[in-house]
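In what follows, a single structure is set out as structure tokens and then discussed.
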Amino acid sequence: MQSSGKASYQETLVPPVLESVKTKDSAKKWETKEEIECADSKESTGSQEPLSPAARLFHAPQFNCTILTAIGCKTSINPGVIKMGLEQTLMKHPRFSKKLVNSLSVLLSSNIDLCFGFFFLSFQCENKVIDDNKCGSKLKWESTTVNVEDHIIEPNLDPYMDSPDQFVEDYISKLSSIPLDLSKPLWEMHILNVKTLDAEAIAVFRIHHSLGDGASLISLLLACTRQTSDPDALPSIPAQQRAGSHFSGGFWWLFFAMWTVLRLIWNTSVDLVLFVATMMYLEDTKTPLKGAYGVELKPKRFVHRTVSLDDIKLVKNAMNMTINDAIMGVTQAGLSRYLNRKYGDQSEIEGAENGRKNNIPKSIRLRASVLVNVRPTPGIQTLADLMANESNNPRWGWGNRIGYIVLPFTIGLQDDPLEYIRKAKAMIDRKKLSLEATCTFHGAMLVIKLFGAKVCVCVCVYYITLEFFFSRDYQASAAMARRVVSNTTLAFSNVVGPVEEISFYGHPVAYIAPSVYGSPHALTIHFQSYGSKMTIVLAVDPDVIPDPHELCDDLEKSLEIIKDGAVMI
């Protein structure tokens, strides 16, 4: 009887699940030039595959990042169904069936702390135990037999506990202090069958960032789901619309094209100068949102708040802008409200619309590090189609294809709440005419390639020299990335999700809440759309931001005020 049930499940759910993200065990066709050269090196042996440059970057002690995603379900989760589904889908993906090893037999097992292990490897490199090749290239992906039972954790919970929401929040926070087990593939799933305010059960994924970036992992996750209304249909993602030119041809079209190119060159040059300055010395103002040195090693607390996507679309349409412009403006307004309360008297709680005094210091510098997908694709669904036919564009498939941009925020109380939106749109429109993300992506790959076999030749002043003068390989690039990120205040991300309700192996999904930990920020803000909802996810250092729920309140209240202002237009 059990076998027939399994066959039925496979017939109904499994065959089409991974069609949109077909992969091969050998991922060479999808790799960058640097990865291909690394894979073609004489060190590539058998089932072992060198880590890509970006993957090595995410394993450096200064930048050891893990993606954490909570999926709320509308029904209790059946662990048996989930395990069967993962066996037929996720575990067939090469990155989820390989573990991390060291080709010099320095195996980092689960009994060795992650940071200590990589410190040991770094010590070997700097003392010339490893001399001929790149230190980072000694780390390999090695095929292994995967037992799904080792990756699914189902704690025995009391369904009638007093405070289930607080329990889930504490449980997820605890995960950020526990390293992933390096003796097996770097992912796991926790099943929490406990009812909260907005879900009947929660599935928590932990996936190391070296396995892929947000766009890759979201595409794979969505390929494992189906529309609730049509179990045979993949979820659909709204395509990003490209703005067209108002000029159809002639002299004015040529003039506009030349002016656009000149603006692109100028904006890119200015942004790169500011990027280098941020890496060297340009630091954000110390505020109640900015973490201190070493914040990346501290446990994080994860909270989320679901708001109406229709409200955001109302603002978008009224102001003739994009959803990204709208949520950026809402974020600026929410952070301003929060900081104004922190700098002011605690008795002044009401919003700026009541005429509260502006307590925020003038000329405050507050910037966000934003990860940008540099794949030449308009959306996640297109990425999935590209993976299905890898010959279309072999350089842009699975992996970490992300660049950094530094985005300045306008902080301060505004008399007109719509001014937050206008300033956000102006800032984003300028960043769209810049190649900062592409340049930082290729720049990081270049640093990894140049600073691998030889001692770094320092071209920066002593701030950078102190961190990676004798670093090699991924450590040099990680030190540079850490300098940029730690000199900004927060990380920001906006991920487009499916437009209809989806089911995860037959479990209807209530919300999707992705986040990340391990980066040198005390605050990370993710926006994740799903159906008619937008989930705001905060990852905070509780020692810096002890009241993340109040910050969620400020963001939600800011959206409400801005929406009311947009209705009056």
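We're numbering straight along the sequence, starting at 1.
In terms of modelled atom types and a separation under 3.5 Å, the side chain of Ser529 and the main chain of Gly497 share a donor-acceptor contact. Judged by distance alone, with hydrogens and angles left aside, the side-chain atoms of Ser176 form no donor-acceptor pair with the main-chain N or O of Pro299 at under 3.5 Å. For the pair His521 (side chain) and Ser486 (backbone), a donor-acceptor distance under 3.5 Å is absent. Put simply, the side chain of Tyr511 never gets that close to the backbone of Tyr530: no donor and acceptor are under 3.5 Å apart. At least one donor-acceptor pair closer than 3.5 Å links the side chain of Lys184 to the backbone N or O of Asp150. Within the 3.5 Å criterion, the main-chain N or O of Asp165 finds no donor-acceptor partner in the side chain of Ser163. Counting only distance, with no hydrogens or angles, the side chain of Arg365 and the backbone of Glu283 share a donor-acceptor pair below 3.5 Å.
Closest approach of Leu418 and Ala566 over heavy atoms only: CD2-N, 3.8 Å. Between Tyr505 and Val81 the shortest heavy-atom distance is O-CG1, 3.5 Å. Across all non-hydrogen atoms, the minimal contact from Ile191 to Pro155 is O-CD, 3.4 Å.
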* Given Ile207 and Met189, is the side chain to side chain contact (heavy atoms under 4.5 Å, CB included) satisfied, shown in steps? -> CA-CA 9 Å; Ile207 304 172; Met189 178 180 176; over 6 Å; no
* Walk me through it: do Met328 and Phe409 pass the test side chain to side chain contact (heavy atoms under 4.5 Å, CB included)? => CA-CA 9 Å; Met328 189 68 70; Phe409 278 17; 3.4 Å; yes
* Does the pair Leu192 and Tyr171 meet the rule for a side chain to side chain contact (heavy atoms under 4.5 Å, CB included), with working shown? -> CA-CA 9 Å; Leu192 306 179; Tyr171 185 95; 3.8 Å; yes
* **Full working for side chain to side chain contact (heavy atoms under 4.5 Å, CB included) between Ser336 and Tyr420** => CA-CA 10 Å; Ser336 297; Tyr420 293 110; 3.8 Å; yes
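Checked for salt-bridge contact, Asp310 and Lys563 miss the test: no charged N lies under 4.0 Å from a carboxylate O. Look at Asp170 and Lys174 and you find no salt bridge, because none of the NZ, NE, NH1 or NH2 atoms lies under 4.0 Å from a carboxylate O. By the 4.0 Å N-to-carboxylate-O rule, Arg422 lies close enough to Glu419 to be salt-bridged with it. By the 4.0 Å N-to-carboxylate-O rule, Arg341 lies close enough to Glu550 to be salt-bridged with it.
Atom NZ in Lys290 sits 12.0 Å away from atom CD1 in Ile545 (nearest 0.5 Å). One finds the CD atom of Gln528 at 8.5 Å from the OG atom of Ser493 (value rounded to the nearest 0.5 Å). Atom CD of Gln332 and atom CD1 of Ile562 lie 9.0 Å apart (nearest 0.5 Å). For the atom pair CD1 (Ile77) and CZ (Phe504), the distance works out to 8.5 Å, reported to the nearest 0.5 Å. Here Cys224 contributes atom SG and Ile502 contributes atom CD1; the two are 10.5 Å apart, rounded to the nearest 0.5 Å. Rounded to the nearest 0.5 Å, atoms CG (Leu68) and NE2 (His208) are 13.0 Å apart.
Scanning for side chain to side chain contact (heavy atoms under 4.5 Å, CB included) contacts around Glu169 gives Gln166, Arg301, Val303, His549, with sequence neighbours left out. With sequence neighbours left out, Pro508 forms a side chain to side chain contact (heavy atoms under 4.5 Å, CB included) with Lys74, Thr75, Glu501, Ser503.
At least one side-chain heavy atom of Arg367 sits under 4.5 Å from a side-chain heavy atom of Leu282. With contacts defined as side-chain heavy-atom distances shorter than 4.5 Å, the pair Leu314/Val567 qualifies. In this structure the side chain of Leu551 reaches within 4.5 angstrom of the side chain of Leu523, judged on heavy atoms. Side-chain contact between Lys533 and Val307: absent, with no pair of heavy atoms (C-beta onward) separated by less than 4.5 Å. When side chains are defined from C-beta on, His209 counts as touching Val516, because their heavy atoms get closer than 4.5 Å. Between Phe527 and Thr331, some side-chain heavy-atom pair lies under the 4.5 Å cut-off. Looking at heavy atoms from C-beta onward, Met319 lies in side-chain contact with Val315 at the 4.5 angstrom threshold. You'll find the side chain of Leu289 reaches within 4.5 Å of the side chain of Leu339, heavy atoms only.
A donor atom on one side chain and an acceptor atom on the other are found under 3.5 Å apart for Tyr338 and Asp547. Counting only N and O atoms by type, the side chains of Asn487 and Thr278 include no donor and acceptor under 3.5 Å apart. For the residue pair Thr322 and Asp325, a side-chain donor N or O sits within less than 3.5 Å of a side-chain acceptor on the partner. For the residue pair Thr228 and Glu500, no side-chain donor N or O sits within less than 3.5 Å of a side-chain acceptor on the partner. A donor atom on one side chain and an acceptor atom on the other are not found under 3.5 Å apart for His526 and Asn494. Using modelled atom types and a 3.5 Å distance limit, the side chains of Asp284 and Thr488 yield no donor-acceptor pair.
Taking a 6.0 Å sphere around CG of Asp162, one finds it holds 12 or fewer heavy atoms contributed by other residues, nucleotides or ligands. Remark: Asp416 CG is packed, more than 12 non-hydrogen atoms of other residues, nucleotides or ligands lying under 6.0 Å away.
Classified by interplanar angle (parallel below 30°, tilted 30° to 60°, perpendicular above 60°), the ring pair His151/Trp187 is parallel.
Residue pairs that meet the salt bridge (Lys or Arg N to Asp or Glu O under 4.0 Å) test with at least one member in residues 188-209, sequence neighbours left out, are Glu188-Arg206, Lys195-Glu200.
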